[in-house]
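Quick notes on the structure that follows.
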Amino acid sequence: MCGIIGYIGEIHAGDGGAASDRAADAPGSVGEIVHRGLKNLEYRGYDSAGVALAGPTSGLTVAKRSGEVDALSVPDVPDATLGVGHTRWSTHGPPTDANAHPHTDCAGDVAVVHNGIVENYEALKAELSDHEFTSDTDTEVIPHLIEEALAADDGDDDLLAAVHRVEDRLEGSYAICAVREGDDRIVVARRGSPIVLGRGEDASFVASDVTAFLEHTRDVTYLEDGDVAALSPDGVEIFADGEPVERTIETVTWEADAAEKGGYEHYMRKEIHEQPSALRQTLAGRLDVDGGDVDLDVSFPPGFLADLEEIRIVACGTSYYAGRYAAQLFEELAGVRATVEIASEYEFGAGRTPDRTLVVAVTQSGETADTLGAIRRANAAGARTFAVTNTLGSTVTREVDGTAFIRAGPEIGVAATKTFASQVATLAMLAVAVGRDRGALSAADARSVLKDLQGLPGAVQQVLDEENQVREAAREYQDSEAFFFVGRALGVPVALEGALKLKEISYDHAEGFAAGELKHGPLALVTPDTPVLAVLTEGARADETMNNVTEAQTRGAPALGCVSAGEEYDTLDVSFDVPDVGIVEPLAANVYLQLFAYHVANEKGRAIDKPRNLAKSVTVE
Ligand code: M6R
């Protein structure tokens, strides 16, 4: 997830920003407008920043560097009338100066900023072998493809036509802005990644979200997938399948602060709702469903996986629960012993064989001190180490032998939500890869798991569509004395995660248990004032779990269940339908628990994005 911004208009340095009445308070040059837009988009990533500015006599000027937007010195281009900018959240290639956007063609005449992933970039790059590439990014193929299209014999040397042609070549998701020396337009294309146009009086804007230009105009047009647009100071032309189309102009009524969160009151709720797109990004280009295989772009020494004795997952908090889910998948799909350890408790231990052990750190931030400590102990013992993380260039990636990125996009809320789903999805793909390599998983069984994974984003969306039902339940039970979460098998980590989410943001007492354990002690706590929330899905031994729920109900506890669609437990007080997605169904159920925690906390007016006493990244042991 990156942020892009573009501006074209009549504002010049020293004009005082009089592009339109709406822009009357907006001081400065094109460079300043683009820079301010980037600042507003920094929540989308801050690995690097860059701009391309152009004016009638000054040509195209590009400046970019690694680091946050404030580290970028925007060049002074006095006659600039257009500019594009980018703030990066790295997916392909580490956060270096060279990998920062904009990327240019060989001559430096075309500059492109991009948000998304070009899945077929390796094939395209091979095709463009006579072009000079200067970065490791997937994006860089785009300006070179535009260069080819502009020079093609059957082309017409026009930027808009060239972008139309290039669009057909790109697989994956993208929102791009392209500019060309001597061309007074910004050309925009969209497929799968967000982009919005802003319509000023003598100026046009484009950005990943409206916050970037809300101070200039509230009149916006959302592009549809496949749209290409040409922006000039006079307005916007939009094309679909090469034909001009009209798209509605809407007026934004949010204040800037809310818009930054996409209209959501809290980042946490925004991130809960981002899960379908985050999961799509996690899975993009990695599933070969027909072939029953995955391509995670990771490799192990020959024979290592075949001889593997044990996978040991080390992690903290939510990442630890993702590990608990994954350990069951490794045992079932890869036929290898898998254990999960709280990172701060981990020691390599006697009696284990380092050269036949894979230690996997699961960490959203890649900076958690306890997890880094565990990895250092594993390295010291001589084990092979691996990381599953959201953060390119993070410390953990430099200390392990291999890494798989979960590609969930920046998570701002302290409570981990979308990264949990993306972690488990990534670990599930790793389990399939290891299982296939070891010959423990047939192609047919792999296909079935991959189909479940493929269905997960849609299933999560169906759960999100039921948010009102969860809100009502949260209102009804918010004042309870305590909350117990139960499940079995894959339902256990989800129950534990559900309880963590609730306690973390609502400050209510909540505990998760393996359902069978209730009767061994915790049942003494159960009263009519302690609702039990149960995971009653496939993969979670629903009928047996329901028996334990009934034991709690007999002691007066209200019961809420996340139930596989088509199944029914009549005695539940509240039943949430979970779409059928097989082995990842408990993950879809987890979204109900996230929403429940969110709405209980929201009813109580808690500081949801920054709960008391906590930090997003815990860098102390
Ligand atoms: O960045 P990490 O995944 O290593 O962080 C681990 C935990 O600190 C984290 O998951 C924490 O438990 C979350 N705030 C829970 O929502």
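As the structure lists them, so they are numbered: ligands from 1, and atoms in each ligand from 1.
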message: Please list, in number order, the atoms of ligand 1 under 4.0 Å from a heavy atom of Gln364.
response: 1 (O), 2 (P), 3 (O), 4 (O)
message: Tell me the nearest of Cys316, Ala615, Ala361, Ser365 to atom 1 (O) of ligand 1, using heavy-atom distances.
response: Ser365
message: Give me the nearest non-hydrogen protein atom to atom 11 (C) of ligand 1 as residue plus atom name, then the distance to 0.1 Å.
response: Thr318 N, 4.2 Å
Atoms of ligand 1, numbered as shown, that sit under 4.0 Å from any heavy atom of Lys501: 15 (C), 16 (O)
task: For Ala415, take its heavy atoms, then give the atoms of ligand 1 lying under 4.0 Å from any of them.
output: 16 (O)
- request: Classify the ring geometry between His266 and Tyr598 as parallel (under 30°), tilted (30 to 60°) or perpendicular (over 60°).
  value: perpendicular
- prompt: To which protein heavy atom is atom 5 (O) of ligand 1 closest, and what is the distance rounded to 0.1 Å?
  reply: Thr368 OG1, 3.4 Å
- request: Kindly determine whether Val532 and Val486 satisfy side-chain contact (heavy atoms from CB on, under 4.5 Å), including the steps that lead there.
  value: CA-CA 7 Å; Val532 173; Val486 297; 3.8 Å; yes
message: Closer than 4.0 Å to some heavy atom of Val414 - which atoms of ligand 1 meet that?
response: 13 (C), 14 (N), 16 (O)
message: Is the shortest side-chain heavy-atom distance between Thr339 and Arg352 below 4.5 Å?
response: yes
- prompt: Near Glu504, which atoms of ligand 1 are under 4.0 Å from a heavy atom of that residue?
  reply: 13 (C), 14 (N), 15 (C), 16 (O)
query: Would a 4.5 Å heavy-atom cut-off, applied to side chains only, mark Val535 and Thr545 as touching?
result: no
task: Just go through Thr371, Asp370, Val618 and tell me whose heavy atom is the nearest to atom 8 (O) of ligand 1.
output: Val618
Ligand 1 atoms in contact with Ser319 (distance to a heavy atom under 4.0 Å): 2 (P), 3 (O), 10 (O)
Sub-4.5 Å side-chain heavy-atom contact between Phe348 and Thr357: yes
field: Note, Val526 side chain near Phe484 side chain (heavy atom, < 4.5 Å)
entry: yes
query: Do Phe386 and Phe300 have their ring centres less than 6.0 Å from each other?
result: yes
- request: Could you tell me whether Asp70 and Lys39 have a side-chain N and a carboxylate O separated by less than 4.0 Å?
  value: yes
field: Atoms in ligand 1 with a heavy atom of Thr363 nearer than 4.0 Å
entry: 1 (O), 2 (P), 3 (O), 4 (O)
